[in-house]
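Taking it in order: structure first as structure tokens, then the write-up.
Per chain, numbering begins at 1; letters A, B, ... match sequence-line order. Keep in mind that this is a model prediction, so the values were computed, not measured.
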There are 2 protein chains.
Amino acid sequence: MMPTIKDVAKLANVSIGTVSRYLNGYNVKEENKKKIELAIKELDFKFNPMAKGLRTNKTFSVGVLIPSITDIFCTQVIEGMQETFDKYNYSIIICDTRNKLENEIEKVKFLMAKRVDGIIIMPVSNNGEHIKLIQNSGMPVVLIDRLIENLSCDTIVCDNVNGAYEAVENIIRRGHRKIGIIAGPQNIYTAKERLEGYRRALNDYNIEINESFIVYSEYKKGAGYEAYERLLNLKDRPSAIFATNYETTLTGIIFFKNMGISIGEDISFFGYDQTELFQMLTPPLSVVVQPMNEIGKDAAELLVKRMNGDMSFFPLIKRLKTSIVVTDSIKNLIDTKIE
Amino acid sequence: MMPTIKDVAKLANVSIGTVSRYLNGYNVKEENKKKIELAIKELDFKFNPMAKGLRTNKTFSVGVLIPSITDIFCTQVIEGMQETFDKYNYSIIICDTRNKLENEIEKVKFLMAKRVDGIIIMPVSNNGEHIKLIQNSGMPVVLIDRLIENLSCDTIVCDNVNGAYEAVENIIRRGHRKIGIIAGPQNIYTAKERLEGYRRALNDYNIEINESFIVYSEYKKGAGYEAYERLLNLKDRPSAIFATNYETTLTGIIFFKNMGISIGEDISFFGYDQTELFQMLTPPLSVVVQPMNEIGKDAAELLVKRMNGDMSFFPLIKRLKTSIVVTDSIKNLIDTKIE
DNA sequence: TTGTAAGCGTTATCAG
DNA sequence: CTGATAACGCTTACAA
């Protein structure tokens, strides 16, 4: 069968302890080092992570919980994590919660049972009871994209208030006053913040908020169709609409296409999250761009720190800046050029 | 610390062997069963997979090697695998090879060192030396999307010859005779097959093959720009172009947009792989659709079988059928309506 | 620096 | 059906 350090020790004529020490980077006499290295090559020895893990109580694997593996936001975030976890030799165990809290809870149990060394979660809701359980067991957790209220937890998020604010501000400066918003579920922190950004921008520009311009939708694939319908069926309908996440942005594009409403002409439209194809539309789409790779990288790096016992600044809440892409999907309603 | 079966045994007043048997579904006296269940609840016992793995030599984890986690094809395939692996309690360890053979080789080593129970690979090339190593170690491997020649390995692929054939046939039946193709690297089996489908279709319709209409490109993000340039710079340029994978399709869309060439009007364009946004373009894009979820599901199911020691029909090569979406991105050059 | 040996939490064998 | 006990492959005191 597979050779063990015992075999290596025998062949190298040293004790198994010495081999173990060599493998773990402790000092070993140069001569023995050579012999061990030779024996390892000879036998093609690979050490058994389970045996090691059993002793050290580390699996060198981390769990990553995301709402959907086909979601572009999630995959970009994962991409950002990879380099860091690679560097430290962690395996990434991906779990897809399909946007359901019950799955999230189940997967958390699964990962804890698997004894991963740490977990990164992009939570589907504002519910954090199961996350408390993880923390109580001593396992580090980092939340991404969505903050959970009433929970002390490391979190990497984007500055959603400002992201939305800038988008709405841009719409306003192009002359729009009637601006609809596809807001997300208000039990999702991110959604709440984006709506807050919308409100602030209107306030700062002294535009009265028309509550019927605020419609709510799930943040799921295909969600939001009725929300757009509702907005367009208003007697006094908005001239511009701001969608606050990727899925609802996509739905908007589909909706307008189906309705024969041309973006930038019949309706002005601002979306959230960037994908190459959004810029291939006619006209290209104005969007809020989030630094998705960076979120992943920061989360991974923080988790590694925590797994190494460094709890400085806990709970750390890091907010990353977003930017906006401005295109003709927002019609310019005023004569003066805008910079 | 964490309770072990020893603690459970003590509390339940039975031997540790009995607890282990209970946990593994062997017969245990009803009375003891009750006591054990109670003790487990009481202590909140979770068994240690590393200890189990050390004995049984199983990690209950599988490795999945893909060229890129942000590739829509890959994520859809992974989505298809999840249900199956969930059912059998396997964790999925995702590794991104970034389309480089050297990374693929390294990741294979990583996964073998981690002692996963099986590996699914979407190979980046036709090189299978490292895959032979896996097989020699007794670890089951299933290849997806791309077959590797001169390697006996379970493989789930799409019928690429027919997929391409149908696309080209459709283009021909709409009156085109000058059809360009963005072919992939010919050391990728999938790319070879798709080119083969193109050739066959032209042959079957008695259209002479113009070798300058065949241009090659990498199958990577952003690749293929020069390939399109080359085709359009021909004195006698094609009236239709067929891109043979997702990335080059995307590049095509970008290229035409940049050049101000309108698809379906100035040039006819047929792509590969489906994504919602392709249907939101003006006009929507004609594409070959692959059953990505099904590939994942089939691969997962086959791997589970192999991991359970069932080697029937090895090496199994399964080919899944593709379909095509036909839109106005192909201009109809003949009067008679086509069905 | 090294060898020895006890343990990590299970499973599996064997005798009862 | 159960209990006792020897592995599984490694790390880590401890003593030398």
Does anything in [range] come within less than 4.0 Å of DNA chain C? Heavy atoms only, and list the residues if so.
range	value
residues 45-60 of chain A	A/L54, A/R55
residues 10-18 of chain A	A/V14, A/S15, A/G17, A/T18
residues 23-43 of chain B	B/N24

Test ring pair (Phe, Tyr, Trp, His ring centres under 6.0 Å) applied to A/Y90 - qualifying residues, sequence neighbours left out: A/F60
Integer-rounded Å distance: D/dC8 P and B/R115 CZ: 14 Å
Helix axis bend for the helix from C/dT1-D/dA16 to C/dG16-D/dC1 - C1'-based end axes, five pairs, 10° rounding: 40°
Sugar-phosphate, base or nothing in reach of B/S20, heavy atoms under 4.0 Å: base
Holding to salt bridge (charged side-chain N to carboxylate O under 4.0 Å, His left out), I want the full list of residues that pass it with [X], two or more places apart in sequence or in another chain.
X	answer
B/K46	B/D44
A/K318	A/D298
B/K221	none
B/E218	B/K220

Check ion pair A/E30-A/K34 (N to O, under 4.0 angstrom): yes
For B/R306 against B/D310, the heavy-atom pair lying closest together: NH1-O, 2.8 Å
Exercise: identify the closest heavy-atom pair between A/L303 and A/G118: CD2-C, 3.9 Å
Outermost DNA chain C nucleotides near chain A [under 4.0 Å, heavy atoms]: C/dT1 to C/dG9
Point-to-point distance, once rounded to the nearest 0.5 Å, from [atom1] of [X] to [atom2] of [Y]:
X	Y	atom1	atom2	value
B/T97	B/L65	OG1	CG	6.5 Å
A/E31	A/K35	CD	NZ	5.0 Å
B/L302	B/I144	CG	CD1	11.5 Å
A/D154	A/I317	CG	CD1	7.5 Å
A/I69	A/I94	CD1	CD1	5.0 Å

Within 6.0 Å of [atom1] in [X], more than 12 heavy atoms from elsewhere:
X	atom1	value
B/F314	CZ	yes
A/F313	CZ	no
B/K87	NZ	yes

Which atom pairs link the protein and nucleotides 14-16 of chain D when you take only N or O atoms and keep those under 3.5 Å?
none

Partner residues of A/Q76 under the side chain to side chain donor-acceptor pair (under 3.5 Å) criterion, sequence neighbours left out: A/N293
